[in-house]
S.K.: 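One structure coming up, written as structure tokens, with questions to follow.
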Amino acid sequence: MKMLKILLLFTCICVGLSNAVLYDCFTGVPVNRTLLAIYEQRNNVGNCTIEIKPCNATEWKRVDGSCNNLKHPSRGTHRTPSYRVLPPVFSVAYEPRKAVSGGPLPLPRRLRTELLLVGKASERRITQLASYYIIFMIADVVSIHDVVNYVLNITTCCTPEGRRDYECTPIKIPVDDPVHRYSGVNCMNLTRPQSYQTYGCLDNGTTFERIVFQTPVFDLSNTYNIMPGFIDHLRTYENGLMIEEEEDGQLFPPTDPNSNLCILNQPPRETRCFKYQLNNVMSSSTINILFYRQHNQIARELHRLNPRWGDERLFYTARDINMAISVQIFFYELLPILFGKKNMIRDGIIGHGGFRDLYDENVEPRMSDEYIYGMRWFHLIQKTDLKLYDKDGHYVRSFPLVNGTARTGFFAVDNNMQHIVQGSFRQLGGRFDQAIDYDMADRVLGGIFFSADVAASDLKKGRYFGLQPYVNYKEFCTNKKYTSFEDLEDSFSFERLDRLMEMYKDPKDIDLMAGLWGENPIKGGKIPSTLYCLFAEQLKRTLKSDRHWFERPNRPHAFTEDQLKAIRKVTIAGVLCSIGDLVSEIQPHAFCSISSDNPLTKCSSSKIGKLDLTPWKDHSCQ
Ligand SMILES: *[C@@H]1O[C@H](CO)[C@@H](O)[C@H](O)[C@H]1NC(C)=O
Ligand SMILES: *[C@@H]1O[C@H](CO)[C@@H](O)[C@H](O)[C@H]1NC(C)=O
Ligand SMILES: *[C@@H]1O[C@H](CO)[C@@H](O)[C@H](O)[C@H]1NC(C)=O
Ligand SMILES: *[C@@H]1O[C@H](CO)[C@@H](O)[C@H](O)[C@H]1NC(C)=O
Ligand SMILES: *[C@@H]1O[C@H](CO)[C@@H](O)[C@H](O)[C@H]1NC(C)=O
Ligand SMILES: *[C@@H]1O[C@H](CO)[C@@H](O)[C@H](O)[C@H]1NC(C)=O
Ligand SMILES: *[C@@H]1O[C@H](CO)[C@@H](O)[C@H](O)[C@H]1NC(C)=O
């Protein structure tokens with residue numbers, strides 16, 4: 001039986017060798033003539049299908065994500081449908097669910113102002129850098145198309161015209177709103193999340209399926225641009241290098257002078273705008289620039305060690321190392337601080353240091369909606385007054401983080417990139433509590449809109465995604481039933497549960513995000529228990545479903561034992577030392593605050609976990 005399966009697999013690969021196959025993005029199966037004709041008629045072939053060259057079981061991880069799963073080659077590319085931990089729930093016509101009473105759920109903005117405190121507080125032991133890295137890792141698996149949609153494309157949601165637009169789902173502001181009763185604003189812009197239906201890939205009236213334009217595996221989607229063919233514009237095709245541009249002595253990915261995406265750039269000085277990377281929030285762009293540079297640094301060193309290697313080998317080896325570092329830092333350095341290391345080991349999210357192989361070809365590479373959505377909880381810990389420091393550790397000035405949204409040009413002037421990097425590991429991050437920073441609560445998009453409330457949007461989006469009530473997820477996680485508010489007494493402080501009881505009539509009404517905002521943290525960690533459970537669920541799927549997972553000993557081009565050891569040594573401090581802007585000293589655990597246990601240390605010290613590429617020296621060349 002097994003033999004037959006292997007034979008079949010090979011037959012398919014061989015048949016397809018000569019030509020690429022067109023796959024349907026949603027179903028993941030090759031498109032037949034009937035379906036192609038429908039897509040052609042709708043003029044959306046490019047949106048609903050993806051062309052994939054025949055897979056080769058021994059090739060590198062492809063930039064566009066295809067062929068990760070050899071049985072389902074399109075799974076793992078952009079527009080792979082998401083996984084659902086619990087099936088979606090809606091009322092009629094895929095509109096948000098109703099309360100148990102049959103009436104509407106409370107207004108999202110009301111819930112936000114009633115459930116969250118607004119203000120500033122620092123987390124004693126965690127730096128701003130941690131929040132930057134979290135957002136960077138979210139941006140690897142989720143696209144910002146929904147934000148682009150209501151910021152750039154459909155900007156009339158709060159006008160009479162917008163009220164008639166199906167795509168508009170503006171946030172209603174209660175008349176007694178604590179902030180906007182003084183401003184007169186009674187509506188905030190928001191559009192319906194885009195789906196396969198929006199792009200005509202599924203018929204209207206079929207179950208809402210959210211569309212995501214990022215690959216559902218950790219592969220530095222923004223650094224390398226996973227859109228099919230785009231990588232060709234980023235490679236120099238010489239010695240494995242990517243195209244870099246220098247401005248004011250600093251290196252950046254290529255710019256597009258005609259782009260209209262960097263809305264907050266202040267010309268004439270700030271003109272830089274990524275051509276092939278997301279022009280995103282400042283925090284994730286900062287880390288992305290660093291990983292982009294790191295690719296070239298790795299490629300140059302590999303070339304020095306192995307002068308005979310060709311461009312292709314240098315490029316893919318450098319990319320592979322770069323991706324492995326991004327994930328090593330995320331799983332082994334950052335998440336243990338937030339999730340609790342013991343919890344992660346118990347649940348098999350991290351191992352003990354050696355190789356691990358949990359791959360199962362029957363598990364498709366997908367991200368759960370709940371993981372992607374749950375990441376929005378971290379909006380609560382985002383501190384928005386950035387403290388900028390110079391290379392010698394002197395405080396320069398503060399800057400409102402939200403003023404840097406979609407403002408890539410800012411990085412390249414006034415040594416801002418250097419000052420942001422230097423500040424990231426010196427400034428304390430926002431507290432893990434039930435308070436949200438002023439700018440997150442009422443500005444978020446800087447000057448793009450007069451006012452926007454990220455947490456109210458988060459809550460509202462959850463309803464449009466069809467997420468089940470909080471208690472159902474809690475039940476999924478604990479196998480216990482939660483039918484009354486008393487059943488939740490162990491999971492909330494008296495005060496937090498009291499607020500929920502004020503706002504919701506029935507525990508089954510509680511929105512997932514509203515529950516997460518108040519829930520007690522997991523033992524040993526800093527995030528709510530149910531959130532931890534949903535994250536763990538996804539990360540375990542990631543380990544099973546990513547054939548190219550860096551810890552696998554038998555993936556194509558797998559690391560040797562010494563190479564894996566070298567990857568394990570790299571810390572975020574080491575990354576900043578080697579490519580950060582004039583970083584010459586840093587604390588060894590840079591997600592943790594500077595302290596007597598974690599003092600500023602010279603980059604040259606062996607206490608800083610830097611990348612040593614000697615295990616990649618190819619002795620077969622000699
Ligand atoms: C073509 O593909 C669609 C969707 O995958 C399927 O429903 C349909 O039955 C197929 N038609 C033929 C003629 O195979
Ligand atoms: C994709 O969809 C958008 C919006 O519906 C449409 O404007 C565009 O032409 C489509 N592109 C392709 C390549 O099908
Ligand atoms: C598959 O890829 C490997 C390199 O990764 C290459 O040596 C081999 O020739 C490829 N096989 C086919 C059939 O293209
Ligand atoms: C916004 O509009 C542009 C131009 O019509 C289109 O190319 C793009 O896909 C749209 N973006 C979204 C997120 O709908
Ligand atoms: C679905 O509805 C939208 C908006 O009403 C419309 O523009 C689109 O053409 C419809 N799609 C299909 C496949 O009928
Ligand atoms: C931030 O943006 C707001 C709104 O556009 C503006 O009023 C303020 O001056 C900006 N602050 C800085 C420091 O750029
Ligand atoms: C909504 O968007 C419009 C158009 O961009 C903008 O003028 C308005 O200020 C926005 N509303 C709020 C509350 O920011």
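First listed ligand is number 1; within each ligand, the first listed atom is number 1. By convention here, the first residue in the shown sequence is residue 1. When reading the values below, keep in mind they use all heavy atoms of this one structure, side chains included, and skip hydrogens, waters and symmetry mates.
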S.K.: With a cut-off of 4.0 Å, which atoms of ligand 7 are near a heavy atom of T155?
M.R.: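 By the 4.0 Å cutoff, the relevant atoms are 2 (O), 3 (C), 4 (C), 5 (O).
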
S.K.: Looking at ligand 7, does any of its N/O atoms fall within less than 3.5 Å of an N/O of V185?
M.R.: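 For ligand 7, there is no N or O atom that lies under 3.5 Å from one belonging to V185.
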
S.K.: Please enumerate all residues that pass side chain to side chain donor-acceptor pair (under 3.5 Å) together with T159, with sequence neighbours excluded.
M.R.: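 T159: no side chain to side chain donor-acceptor pair (under 3.5 Å) contacts found.
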
S.K.: Look at the side chain of T542 and the backbone N and O of Q538, then say whether any donor-acceptor pair between them is shorter than 3.5 Å.
M.R.: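 Yes; at least one donor-acceptor contact below 3.5 Å.
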
S.K.: Out of all atoms in ligand 7, which are within 4.0 Å of some heavy atom of C187? Include the element for each.
M.R.: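 Close to C187: 13 (C).
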
S.K.: Would you call D219 and K61 a salt bridge, taking side-chain N to carboxylate O under 4.0 Å as the test?
M.R.: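 Judged by the 4.0 Å cut-off on N to carboxylate O distance, D219 and K61 do not form a salt bridge.
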
S.K.: With a 4.0 Å cut-off, would you call R181 and D177 a salt bridge?
M.R.: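 Salt bridge absent between R181 and D177.
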
S.K.: Is the closest heavy-atom distance from Q197 to ligand 5 below 4.0 Å?
M.R.: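 The answer is no: ligand 5 sits nowhere under 4.0 Å from a heavy atom of Q197.
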
S.K.: Without hydrogens or angle criteria, can the side chains of S82 and D369 be said to hold a donor-acceptor pair below 3.5 Å?
M.R.: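 Indeed, the side chains of S82 and D369 share at least one donor-acceptor pair under 3.5 Å.
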
S.K.: Check ligand 5 against N204 and write out every atom of the ligand that is under 4.0 Å from a heavy-atom position of the residue.
M.R.: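 Numbered from 1, ligand 5 contributes 1 (C), 2 (O), 3 (C), 8 (C), 10 (C), 11 (N), 12 (C), 14 (O).
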
S.K.: Residues around ligand 1, heavy atom under 4.0 Å from any ligand atom, sorted by chain and number. Can you pull those?
M.R.: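 Those residues closer than 4.0 Å to ligand 1 by some heavy atom are N32, T34.
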
S.K.: Going by the order shown, which atoms of ligand 5 are within less than 4.0 Å of some heavy atom of R42?
M.R.: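 Numbered from 1, ligand 5 contributes 13 (C).
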
S.K.: Is K387 salt-bridged to D385, cutoff N-O under 4.0 Å?
M.R.: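 A salt bridge links K387 with D385.
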
S.K.: Is A452 close enough to touch ligand 7? Criterion: a residue heavy atom under 4.0 Å from a ligand atom.
M.R.: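 Contact absent.
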
S.K.: Under the rule for side chain to side chain donor-acceptor pair (under 3.5 Å), what residues qualify as partners of D203, not counting sequence neighbours?
M.R.: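 In terms of side chain to side chain donor-acceptor pair (under 3.5 Å), with neighbours along the sequence ignored, D203 is linked to R42.
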
S.K.: Please list all pairs passing the disulfide (SG to SG under 2.5 Å) test where one or both residues lie in residues 63-97, with sequence neighbours left out.
M.R.: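 As it turns out, the disulfide (SG to SG under 2.5 Å) pairs with a partner in residues 63-97, which skip direct neighbours, are C55-C67.
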
S.K.: Is it the case that atom OH in Y438 sees more than 12 heavy atoms from other parts of the structure closer than 6.0 Å?
M.R.: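 For Y438, atom OH is not crowded (no more than 12 foreign heavy atoms under 6.0 Å).
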
